[in-house]
There are 2 protein chains.
Amino acid sequence: MNPPTIKDVAKASGVSVATVSRVLHNLSGYSDKTKQKVLKAVEELGYQPNAIARGLINKRTQTIGVLVPDVSSSFSSEILHGVEETANDKGFSVIVCNTAKDGERTMKYLQVLGEKQVDGVIFTSGFLEEEYYKVLKQMRVPVVLVNTQSHKHSIPYVKVDDRQAAYHATEYLIRKGHRDIAMISGTSWDTMAGIPRLEGYRQALEDNGLEFMESRVAYGNFGLDKGREAMEKLLQDAPPFTALFAASDEMAIGAMGVALERGLKVPEDISIVGYDDLIFSRMVYPPLTTIHQPLTMMGRTASEMLIDLIEGAEQVSSSIVNHNLIERQTVRQMP
Amino acid sequence: MNPPTIKDVAKASGVSVATVSRVLHNLSGYSDKTKQKVLKAVEELGYQPNAIARGLINKRTQTIGVLVPDVSSSFSSEILHGVEETANDKGFSVIVCNTAKDGERTMKYLQVLGEKQVDGVIFTSGFLEEEYYKVLKQMRVPVVLVNTQSHKHSIPYVKVDDRQAAYHATEYLIRKGHRDIAMISGTSWDTMAGIPRLEGYRQALEDNGLEFMESRVAYGNFGLDKGREAMEKLLQDAPPFTALFAASDEMAIGAMGVALERGLKVPEDISIVGYDDLIFSRMVYPPLTTIHQPLTMMGRTASEMLIDLIEGAEQVSSSIVNHNLIERQTVRQMP
DNA sequence: CATATAGAAGTAAACGTTTACTCTATTGTG
DNA sequence: CACAATAGAGTAAACGTTTACTTCTATATG
């Protein structure tokens, strides 16, 4: 009554389990007649190999773990989508781990992934704490980072150059004739996505002879609500500005919402450029001009790199992927 | 230098593997002194149990599989989020499977999940084809459906009553004084989410003495772009209307976009209610009035049901979860 | 014809656990 | 003091595969 095992197949076809295994793996060492018998038995019994037993012996589970801060966010789920897609194409399954940006949860997940003997792990969008690194190292499996990087350890990563992308966004606004440009930055102590974007903005301003004013930047946490708050603060306290660069689309959209509520028109009264190009950024009205991060593609790339590593590659090189600016309808050409 | 096994621990602490296993499981049959020795060895070696070996013997992998049509969609990923959350709380890992609404892929995933010996599977948002049912049955593991249901087979599910929710949305528009209400429906042959919503709309109209007009309904596929097309068609061909009910938020937002582009104001010129309450529906401007489906909670519930079943519950009852209408700013009270 | 060789197949160990069963020494009971 | 009960611990089988090694037979080679 239990699911049939290889032994049942062997019995049913009158050969040894070794032979069954061989035909199932297309190895040599059996006659064509035997092969037919075995295949017939497999068919009749509805035999399916047990990947657990297989994993035990060849120390490979064909499974990878992916840690994301928030599966339900568009950002994480687009990356996950890419990862899953190519993993699947290459015969790997993926276990999702929603860390909720919580260190304890992350540690617990790492633990579980270790016990479950995953063949590799992808860590996305967050600082790779030393404590994570330690357990990852104990697991003796390849790791790749997405949308983050480790300065201390040499771990392959795939991300865009945040500083440069922010520079690009700001410069675009300048080229469009704006001279008073505010910014809603991400978390101020975020060394991955916060600081570099702010730096890029500042640099672009300075390179174009514009003054960087601390009073024109407000800080959020990349989320919508903080974006709204930041915009309110800017509108109230900052010197007047005609354009805004937000370090995430969510914040940009939040900011756009408050502008609209106050009767300011976008882009007539205020131009906005976001960062991320989330799926729904083209859905809002007016559609958001933003820095496109090819999240799905980044997920795919990371997956490929990881699997190469799993399959024996000595090393793979990190990938700085190209961002690009998607012009939609939230930026106006100044007269 | 391979990772340490239970044997290494046994050797290091001078006891048998059975004893080690016992202390690790808090069973009885050893002295306190032995326990200390074992724990010390575990600590020193950095021993981690191998869940694969464990799974082989107790035929339990503490892993479930979740099939979603599109991980990167807000809809799927919110459900996934809920599923993952409670699965994790209860000690289960989740393998994500992105079916891309493709039958072949789905079958392949089911196959893999079977081989990987998952303890249960959650199937979301799509018709449960007979062929899927067959392999699921062969797997001899519990299944729960989310956002769909099977009329042919008795499989527990969690979903909202689509017909009733659509009725509710339409009636709301009527109560707000609208008499000319158009609809953008989902796929016309979708028996799960397409037909029931259309039926609810029609019923609400009729119950309120309003005429149902085929010419006032256009069909999309739940996605943004088809929503836009449908809206364009409606604006051009349908008898004039003051309100619109869309069978998905994406379509509602697409429709809102074309309205805005054409200079129609929302809600002044046209009122819109959507369906789903995706995370970003409150982000768009104006924020969308819509039917809230508690997706994350539905995921959680499904996960709980599945795990109860895995842990021996004879049966669990399906859950029709409450929808509710979230009033935001896209509906106007008619004079 | 004797022998090497290749093909077809089987045997059994190994992977890392869990657990039923066994054994021994100690304690408790009358 | 004889015996049962119990605590502490070990032995080994089992889970379902894969694979190195062995065995047997038939054919090819000289």
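No experiment lies behind these values; they were computed from the predicted model shown. All values below were derived from every heavy atom in this structure, side-chain atoms included, with hydrogens, water molecules and symmetry-related copies excluded. Below, read A as the first sequence line, B as the second, and so on, with proteins coming before strands; counting in each chain starts at 1.
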Participant: List in chain and number order the residues that pass side chain to side chain donor-acceptor pair (under 3.5 Å) with Thr124(B), two or more places apart in sequence or in another chain; answer none if no residue qualifies.
Facilitator: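 Expected list: none.
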Participant: Sequence neighbours left out, what passes side chain to side chain contact (heavy atoms under 4.5 Å, CB included) with Glu129(B)? Give chain and number order.
Facilitator: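 Counting only residues at least two positions away or on another chain, Glu129(B) forms a side chain to side chain contact (heavy atoms under 4.5 Å, CB included) with Phe127(B), Tyr132(B).
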Participant: Nearest-nucleotide wise, let me know which of Leu27(A) and Asn2(A) is further upstream toward the 5' end of DNA chain D.
Facilitator: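 The residue mapped nearer the 5' terminus is Asn2(A).
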Participant: Measure CD1/Ile52(B) against C1'/dG16(D) and give the value in whole Å, please.
Facilitator: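 For the pair Ile52(B) CD1 and dG16(D) C1', the rounded distance is 13 Å.
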Participant: From CD of Gln48(A) over to P of dT17(D), roughly how many Å is that when rounded to an integer?
Facilitator: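 My rounded result for the distance is 10 Å.
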Participant: Evaluate the side chain to side chain contact (heavy atoms under 4.5 Å, CB included) criterion for residues Leu113(A) and Val141(A): first the C-alpha distance (whole Å), next the side-chain angles of each, then the deciding distance (0.1 Å), finally the verdict.
Facilitator: CA-CA 11 Å; Leu113(A) 292 177; Val141(A) 296; over 6 Å; no
Participant: Without placing hydrogens or testing angles, list every side-chain donor-acceptor pair under 3.5 Å for residues 81-88 of chain A, not counting sequence neighbours.
Facilitator:
from, atom 1, to, atom 2, distance (Å)
Glu84(A), OE1, Tyr109(B), OH, 3.1
Glu84(A), OE2, Asn98(B), N, 3.3
Glu84(A), OE2, Tyr109(B), OH, 2.3
Glu85(A), OE2, Arg300(A), NH1, 2.7
Thr86(A), OG1, Ser303(A), OG, 3.3
Asn88(A), OD1, Arg105(B), NH2, 3.4

Participant: Rounded to whole Å, please give me the gap between CZ in Arg60(A) and P in dT18(D).
Facilitator: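 Computing the Arg60(A):CZ to dT18(D):P distance gives 14 Å.
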Participant: I'd like a table of donor-acceptor pairs (distance under 3.5 Å, sequence neighbours excluded) in which one partner is a side-chain atom from residues 51-66 of chain B, with atom names and distances.
Facilitator:
from, atom 1, to, atom 2, distance (Å)
Asn58(B), ND2, Arg54(B), O, 2.9
Arg60(B), NH1, Gln62(B), OE1, 2.5
Thr61(B), OG1, Gln117(B), O, 2.8
Thr61(B), OG1, Asp119(B), OD1, 3.3
Gln62(B), NE2, Gly91(B), O, 3.2
Thr63(B), OG1, Lys116(A), NZ, 3.4
Thr63(B), OG1, Thr61(B), O, 2.9

Participant: Strictly under 3.5 Å: I want the nitrogen or oxygen pairs between protein and nucleotides 25-27 of chain C, one per line.
Facilitator:
none

Participant: Rounded off to whole Å, could you give me the NZ-to-C1' distance for the Lys11(B) and dG16(C) pair?
Facilitator: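 Between C1' of dG16(C) and NZ of Lys11(B): 13 Å.
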Participant: Applying side chain to side chain donor-acceptor pair (under 3.5 Å), can you list everything that pairs with Ser21(B), at least two apart in sequence or on another chain?
Facilitator: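 With neighbours one apart ignored, the set is empty.
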Participant: In whole angstroms, how far is the P atom of dT17(D) from the CD atom of Gln62(A)?
Facilitator: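 In whole Å, dT17(D) P lies 16 Å from Gln62(A) CD.
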Participant: Apply side chain to side chain contact (heavy atoms under 4.5 Å, CB included) to Thr148(B) and list each qualifying residue two or more places apart in sequence or on a separate chain.
Facilitator: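 Side chain to side chain contact (heavy atoms under 4.5 Å, CB included) check on Thr148(B) returns Phe123(B), Leu145(B), Met192(B).
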Participant: Tell me: CG of Leu24(A) to P of dG16(D), nearest whole Å?
Facilitator: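 From Leu24(A) CG to dG16(D) P: 16 Å.
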Participant: Give the rounded distance in Å between these two atoms: CZ of Arg54(B) and C1' of dG16(D).
Facilitator: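 Nearest whole value for this atom pair: 18 Å.
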Participant: Quick one: do the Ser125(B) and Asn147(B) side chains pair a donor with an acceptor below 3.5 Å?
Facilitator: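 Side chains of Ser125(B) and Asn147(B): pair found under 3.5 Å.
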Participant: Can you tell me how far P of dG8(D) sits from CD of Gln36(B), to the nearest Å?
Facilitator: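 Going from Gln36(B) (CD) to dG8(D) (P), I get 14 Å.
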Participant: Does the distance from a Lys or Arg side-chain N to an Asp or Glu carboxylate O, for Glu311(B) and Lys90(B), drop under 4.0 Å?
Facilitator: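 No.
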Participant: What residues in residues 111-119 of chain A put a non-hydrogen atom under 4.0 Å from any atom of DNA chain C?
Facilitator: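 Close to the strand, none.
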Participant: To the nearest 0.5 Å, how far apart are CD1 in Ile279(B) and OG in Ser74(A)?
Facilitator: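 Rounded to the nearest 0.5 Å, the CD1-OG separation comes to 9.0 Å.
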Participant: Would you work out how much the helix from dC1(C)-dG30(D) to dG30(C)-dC1(D) bends between its ends, with each end axis defined by five base pairs, to 10 degrees?
Facilitator: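 Taking the rotation axis at each end, their angle is 50°.
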Participant: Sequence neighbours excluded, which residues qualify as side chain to side chain donor-acceptor pair (under 3.5 Å) partners of Ser31(B)?
Facilitator: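 Side chain to side chain donor-acceptor pair (under 3.5 Å) check on Ser31(B) returns Thr34(B).
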Participant: With a 4.0 Å cut-off on N to O distance, would you call Lys40(A) and Glu44(A) a salt bridge?
Facilitator: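 Yes.
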Participant: What residues form a side chain to side chain donor-acceptor pair (under 3.5 Å) with Lys159(A), not counting sequence neighbours?
Facilitator: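 For Lys159(A), the residues satisfying side chain to side chain donor-acceptor pair (under 3.5 Å) (neighbours in sequence not counted) are Asp162(A).
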Participant: Using atom names, set out every protein N or O paired with an N or O of nucleotides 8-15 of chain C below 3.5 Å, distance rounded to 0.1 Å.
Facilitator:
from, atom 1, to, atom 2, distance (Å)
dA9(C), OP1, Thr34(A), OG1, 2.7
dA9(C), OP2, Ser31(A), N, 2.4
dA9(C), OP2, Ser31(A), OG, 3.3
dA9(C), OP2, Thr34(A), OG1, 2.7
dG10(C), OP1, Ser16(A), N, 3.4
dG10(C), OP2, Ser16(A), N, 2.6
dG10(C), OP2, Ser16(A), OG, 2.9
dG10(C), OP2, Thr19(A), OG1, 2.9
dG10(C), N7, Arg22(A), NH2, 2.8
dG10(C), O6, Arg22(A), NH1, 2.9

Participant: What's the separation between atom OG1 in Thr187(A) and atom CH2 in Trp189(A), rounded to the nearest 0.5 Å?
Facilitator: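 Atom-to-atom, Thr187(A):OG1 and Trp189(A):CH2 are 5.5 Å apart.
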